Chemist: 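Sharing a structure with you now.
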Amino acid sequence: MTKTIAEIEGMSCGMCEAHINDVIRRSFDIRSVKSSHKQNKTEIISASPIDEEKLRKAIADIGYQVISVQSEEYVKKGLFR
């Protein structure tokens, strides 16, 4: 599993977060996505790494700009670890 964190410029409200989450769900095979306009970031959990150029284009196509992208191995946290 991979966690990808994208810093995104241009989000100003919950509706912006929803637009970004929707385009990511439509463009990639992901487990979950969560955006925060207050932190200017989107966190994506996926089975395999996200194509950064495709992510940048998908976000740009709806009027936002990806400033940076970081990926790391994701380990699920839970009671039975």
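Computed from a prediction, not measured in an experiment: that's the story for all the values here. For the single chain, residues carry numbers from 1 onward in sequence order.
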Chemist: Got a second to check how far S32's OG is from E43's CD, nearest 0.5 Å?
Modeler: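 Taking OG in S32 and CD in E43, the distance rounds to 7.0 Å.
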Chemist: State, to 0.1 Å, how close C16 and G10 come at their nearest heavy-atom pair, and which atoms those are.
Modeler: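 Between these two residues, the closest heavy atoms are SG-O, 4.3 Å.
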Chemist: More than 12 heavy atoms of other residues, nucleotides or ligands under 6.0 Å from CD of E73: yes or no?
Modeler: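 Open.
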Chemist: Under the 4.5 Å side-chain heavy-atom rule for ILVMFWY, direct or indirect, which residues accompany Y64?
Modeler: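 Besides Y64, the hydrophobic cluster comprises I8, M11, I20, V23, I24, F28, I30, V33, I44, I50, L55, I59, I62, V66, V69, listed by chain and residue number.
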Chemist: Suppose we screen for salt bridge (Lys or Arg N to Asp or Glu O under 4.0 Å). Which residues come up paired with K54, at least two apart in sequence or across chains?
Modeler: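 Counting only residues at least two positions away or on another chain, K54 forms no salt bridge (Lys or Arg N to Asp or Glu O under 4.0 Å).
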Chemist: Shortest non-hydrogen contact from T42 to S35?
Modeler: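 Looking at all heavy atoms of both residues, the closest pair is OG1-OG, 2.8 Å.
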Chemist: Between S46 and P49 (side chain of the first, backbone of the second, donor and acceptor by atom type, cut-off under 3.5 Å), is there such a pair?
Modeler: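 No.
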Chemist: Only counting residues at least two apart or in another chain, list the ones meeting side chain to side chain contact (heavy atoms under 4.5 Å, CB included) with R31.
Modeler: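 With neighbours one apart ignored, the set is M1, I45, A47.
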Chemist: Nearest 0.5 angstrom please: K57 NZ to E52 CD, how far?
Modeler: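 With rounding to 0.5 Å, NZ (K57) is 15.5 Å from CD (E52).
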Chemist: Under the side-chain hydrogen bond (donor to acceptor under 3.5 Å, both in side chains) definition, can you give me all pairs with a residue in residues 6-16, not counting sequence neighbours?
Modeler: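 Only E7-S68 qualify under side-chain hydrogen bond (donor to acceptor under 3.5 Å, both in side chains).
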Chemist: Supply the atom-to-atom distance H19 NE2 to C13 SG, rounded to the nearest 0.5 angstrom.
Modeler: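 One gets 8.0 Å once the value is rounded to the nearest 0.5 Å.
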Chemist: I'd like to check the side chain to side chain contact (heavy atoms under 4.5 Å, CB included) partners of E53; sequence neighbours left out, ordered by chain and number.
Modeler: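 Result, side chain to side chain contact (heavy atoms under 4.5 Å, CB included) vs E53: D51, R56.
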Chemist: Please list all pairs meeting salt bridge (Lys or Arg N to Asp or Glu O under 4.0 Å) that have one or both residues in residues 16-29, counting only residues at least two apart or in different chains.
Modeler: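 Found D22-R25.
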